[in-house]
Amino acid sequence: MELVVDFGVKKMEGEAVMRSNQTLICAPIMADSVDQMLILMQKAKSSGADLVEVRLDNLKSFNPRPDIDTLIRQSPLPTLFTYRPTWEGGQYAGDEMSRLDALRLAMELGADHIDVELKAIDEFNNVLRGNKSTKCKLIVSSHNYDSTPSAEDLGNLVAKIQASGADIVKFATTAQDITDVARVFQITVHSQVSGVPIIAMVMGEKGLMSRILCPKFGGYLTFGTLEVGKVSAPGQPTIENLLNLYNFRQLGPDTRIFGIIGKPVSHSKSPLLYNEAFRSVGFNGVYLHLLVDDVANFFQTYASLDFAGFSCTIPHKEAALDCCDEVDPTAKSIGAVNCIVRRPDGKLFGCNTDYVGAISAIEEALQGSQLSVSGSPLAGKLFVVIGAGGAGKALAYGAKEKGARVVIANRTYERARELADVVGAQALSLDELSNFHPENDMILANTTSIGMQPKVDDTPISKEALRYYSLVFDAVYTPKITRLLREAQENGAKVVTGVEMFIGQAYEQYERFTGLPAPKELFKNIMATY
Ligand code: NAP
């Protein structure tokens with residue numbers, strides 16, 4: 001049973017929750033030599049980091065006193081020294097006394113922070129013999145590379161770290177599910193109330209929001225890497241993304257959280273679009289990738305007003321509908337939602353903006369060649385939809401509404417049949433599609449993920465069979481021109497890309513999320529670069 005977390009509760013009760021919006025960005029510095037580390041430190045400063053974490057365990061050769069002295073004196077940013085042993089996930093496999101003595105030396109030589117593992121803190125305190133520097137902040141850390149313990153166990157862990165004499169508490173756990181992060185936010189908020197600075201991270205892609213939302217919940221720092229993939233722990237974002245994608249410096253206690261729920265989801269361009277639009281008008285929101293396994297569990301856990309709106313993609317559009325308190329009638333007919341907004345009373349309202357986005361892009365493309373047509377240019381056309389999932393339903397429903405004769409072809413024939421019965425269409429299996437050409441000038445809409453990165457050589461229909469279509473649409477938008485669209489173009493058909501649908505569906509979502517008009521030109525410009 002997941003606990004429901006209401007992160008706003010303290011504020012609503014009028015208690016003074018001291019949360020800093022000055023959360024630091026710390027760049028892990030991992031290199032073989034001191035010289036390379038000094039270069040990376042400069043890079044960290046120019047990238048916008050506030051401090052550097054010197055990972056001594058990465059050095060291939062290490063002469064403690066001169067090396068630490070050089071690193072402290074020549075660092076352009078405040079320092080944090082970490083000498084992580086293999087038994088806590090680091091690289092150092094040597095003897096414990098030398099390791100702890102190097103950390104003591106870093107403290108003595110003027111490091112701003114040192115990180116000592118909870119498991120080694122008693123020994124370290126013996127090494128210190130009471131000579132703790134007042135300048136250097138002692139971070140006592142604990143890492144769990146398997147899971148995220150219960151809230152009670154995390155609370156006990158934090159109490160133990162505090163009792164060890166830590167100036168700053170640090171723990172990192174591993175997300176098995178995105179709802180694990182809720183417990184960590186809860187602990188972070190409580191630590192702020194008791195005045196103990198805390199660094200609380202959940203590792204892995206499902207823990208990403210723990211790294212981005214620290215300024216909202218009051219974390220002392222987050223880690224940001226200098227390059228994609230050069231991480232010191234799984235799931236760390238780049239400094240570039242923290243600053244320029246997620247608007248990290250602008251986040252604070254009142255920032256509203258939005259995001260795209262999906263699995264997989266990391267490919268989605270939605271955060272690019274919304275965050276830049278939020279920044280352009282000074283809207284206090286952040287939009288995240290949310291890798292969700294179980295939508296019902298997600299909504300049950302993140303039930304506070306802080307979690308204000310969601311886009312929904314593969315494979316959750318249908319399950320998400322059942323989680324809404326109210327659903328727009330069109331979305332109900334389609335049987336799928338792609339946009340969910342939390343109302344001021346906390347209730348979830350779901351709607352479908354895929355339908356408008358895709359159909360209007362197709363209509364526009366058809367209109368170009370048929371200026372004399374009155375009403376929708378789709379009226380009377382034979383419109384073949386490949387796929388019967390969320391996007392397939394939206395396209396089939398939309399085309400039918402516009403007066404097209406709809407055919408649905410799907411890998412699982414029963415799903416095609418079901419949708420065809422609801423919409424009033426003909427059903428085919430995917431295998432039957434190659435020989436289906438009752439007439440020329442048909443319209444084809446691929447709404448499956450076939451052809452999406454990384455499987456860009458896949459296509460749902462042969463080039464030969466494509467000859468009977470005069471317009472081909474592909475919902476896939478990574479890449480923009482899929483193999484399907486390329487072959488359709490080679491056959492002389494008009495094509496409409498998934499990017500056009502993507503932009504169209506995002507306009508309405510943005511307006512529902514913010515209550516502001518969508519910056520249409522900005523959206524088009526951002527997507528033009530992809
Ligand atoms: P969904 O609800 O999970 O439906 C997926 C559909 O694709 C199902 O009909 C499924 O068939 C079929 N399918 C999946 N893999 C297949 C394969 N290997 N071979 C044959 N059929 C396959 O997903 P969705 O939300 O509708 O999204 C579908 C695609 O549309 C995704 O690529 C998504 O990125 C894209 N999309 C784009 C936009 C946009 O704005 N451009 C908006 C929404 C969606 P079965 O029924 O047999 O499983």
Side-chain angles (χ1 to χ4, degrees), residues 260-270 272-274 289 292 295 310-322 331 334-340 350-362 384-398 408-420 423 427-434 445-461 472-485 495-510 523-524 526-527 530:
I260 176 151
I261 294 172
K263 186 186 176 183
V265 77
S266 62
H267 67 279
S268 172
K269 304 276 186 262
S270 295
L272 268 175
L273 221 57
Y274 293 97
H289 289 105
V292 170
V295 229
F310 308 93
S311 309
C312 208
T313 188
I314 303 177
H316 297 316
K317 288 182 185 181
E318 291 152 72
L321 187 144
D322 297 330
I334 294 170
V337 294
N338 74 323
C339 174
I340 298 170
C351 58
N352 193 311
T353 69
D354 280 339
Y355 149 73
V356 184
I359 293 294
S360 43
I362 293 169
V384 178
V385 179
I386 310 179
K393 285 177 174 166
L395 266 290
Y397 178 89
I408 296 153
N410 193 42
R411 176 177 61 181
T412 310
Y413 174 76
E414 294 71 37
R415 286 187 85 194
R417 178 75 271 150
E418 257 173 53
L419 177 58
V423 176
L428 295 178
S429 71
L430 206 48
D431 295 338
E432 288 172 295
L433 191 61
S434 326
N446 173 44
T447 68
T448 72
S449 50
I450 300 172
M452 187 165 105
Q453 272 167 2
K455 295 186 175 172
V456 293
D457 291 331
D458 290 357
T459 188
I461 183 170
V472 177
F473 161 78
D474 201 337
V476 171
Y477 66 95
T478 49
K480 182 173 177 179
I481 299 294
T482 55
R483 176 176 166 193
L484 173 71
L485 294 187
V495 299
V496 175
T497 71
V499 172
E500 290 163 73
M501 172 183 182
F502 179 75
I503 293 175
Q505 58 83 32
Y507 291 156
E508 197 182 329
Q509 291 209 41
Y510 180 88
F523 278 15
K524 281 185 190 159
I526 296 170
M527 292 312 291
Y530 291 93

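Counting starts at 1 for both ligands and their atoms, following the listed order.
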Do Thr353 and Val356 come within less than 4.5 Å of each other through their side chains, counting heavy atoms only? no

Polar side-chain atom of Ser311 near backbone of Cys339 as donor-acceptor pair, under 3.5 Å: no

Tell me which protein heavy atom sits closest to atom 19 (N) of ligand 1, plus the residue, atom name and distance to 0.1 Å. Ile450 CD1, 3.4 Å

Looking only at heavy atoms of Glu500, does any of them come nearer than 4.0 Å to an atom of ligand 1? no

Closest heavy-atom contact between Val265 and His289? O-CD2, 3.1 Å

Check: Gly392 N/O within less than 3.5 Å of ligand 1 N/O: no

Need the ligand 1 atom indices (1-based, order shown) with element for anything under 4.0 Å from a heavy-atom of Val476. 32 (O)

Please state which option from Thr412, Asn338, Ile408 has its nearest heavy atom closest to atom 47 (O) of ligand 1. Thr412

Atom 27 (O) of ligand 1 has as its nearest protein heavy atom Ile314 CG1, 3.4 Å

Where on Tyr477 is there a heavy atom closer than 4.0 Å to ligand 1, on the side chain, on the backbone, on both, or on neither? side chain

Starting from atom 12 (C) of ligand 1, which protein heavy atom do you reach first, and at what distance in Å? Thr448 CG2, 3.6 Å

Between atom OG of Ser268 and atom OH of Tyr274, what is the distance when rounded to the nearest 0.5 Å? 8.5 Å

Say whether Asn410, considering both its backbone and side-chain N or O atoms, lies within less than 3.5 Å of an N or O atom on ligand 1. yes

Considering only heavy atoms from C-beta outward, does the side chain of Met501 approach that of Leu395 to under 4.5 Å? yes

Which residue and heavy atom of the protein sit nearest atom 29 (C) of ligand 1, plus the separation: Thr447 O, 3.5 Å

Does Gln505 offer a backbone N or O that forms a donor-acceptor pair with the side chain of Glu508 under 3.5 Å? no

Going by distance only, is there an N or O of Ala391 that falls short of 3.5 Å from an N or O of ligand 1? yes

Shortest heavy-atom approach to atom 25 (O) of ligand 1 - which of Lys317, Gln505, Lys393, His316: Lys317

CG of Asn352 to NZ of Lys393: how many Å apart, nearest 0.5 Å? 10.5 Å

Using distance alone, determine whether Ala475 and ligand 1 share an N or O pair under 3.5 Å. yes

Using distance alone, determine whether Arg411 and ligand 1 share an N or O pair under 3.5 Å. yes

Measure across Leu321 and Val337 and return the closest heavy-atom pair with its distance rounded to 0.1 Å. N-CG2, 3.6 Å

Give a yes or no answer on whether the side chain of His316 reaches the backbone of Ile261 with a donor-acceptor pair at less than 3.5 Å. no

In Å and rounded to the nearest 0.5 Å, what is the CD1 to OG distance from Ile503 to Ser360? 11.5 Å

Nearest 0.5 Å, please: how far is CG in Asp474 from CG in Asn446? 4.5 Å

Atoms of ligand 1 under 4.0 Å from any heavy atom of Arg415, numbered from 1 in the order shown, are 8 (C), 45 (P), 46 (O), 48 (O)

Just jot down the ligand 1 atoms closer than 4.0 angstrom to any heavy atom of Gly387, in number order. 9 (O)

Need the ligand 1 atom indices (1-based, order shown) with element for anything under 4.0 Å from a heavy-atom of Glu318. 2 (O)

Tell me: protein heavy atom nearest atom 4 (O) of ligand 1, and distance? Gly389 CA, 3.4 Å

Geometric class of the Tyr507/Phe523 ring pair [parallel <30°, tilted 30-60°, perpendicular >60°]: parallel

Would you mind telling me if ligand 1 is within reach of the side chain of Val499, the backbone, both or neither, using heavy atoms under 4.0 Å? neither

Ligand 1 to Thr313 polar contact by distance, N or O atoms, under 3.5 Å: no

What is the distance from atom CD1 of Ile314 to atom CG of Asn338, rounded to the nearest 0.5 Å? 12.5 Å

Does only the side chain of Asp354 get under 4.0 Å from ligand 1, or the backbone, or both, or neither? Count heavy atoms. side chain

Exercise: identify the closest heavy-atom pair between Ala396 and Ile408: CB-CD1, 4.1 Å

Between Phe502 and ligand 1, is there a nitrogen or oxygen pair with a distance under 3.5 Å? yes

Just to check, does Ala388 reach to within less than 4.0 Å of ligand 1 when the distance is taken from its heavy atoms? yes

Provide the number and element of each atom of ligand 1 under 4.0 Å from a heavy atom of Leu430. 20 (C)

Is any N or O atom of Met452, backbone or side chain, closer than 3.5 Å to an N or O atom of ligand 1? no

Taking atom 2 (O) of ligand 1 as the reference point, the nearest protein heavy atom with its distance: Gly390 N, 2.9 Å

I need the minimum non-hydrogen distance between Gly390 and Ala336, along with the two atoms involved. CA-CB, 3.9 Å

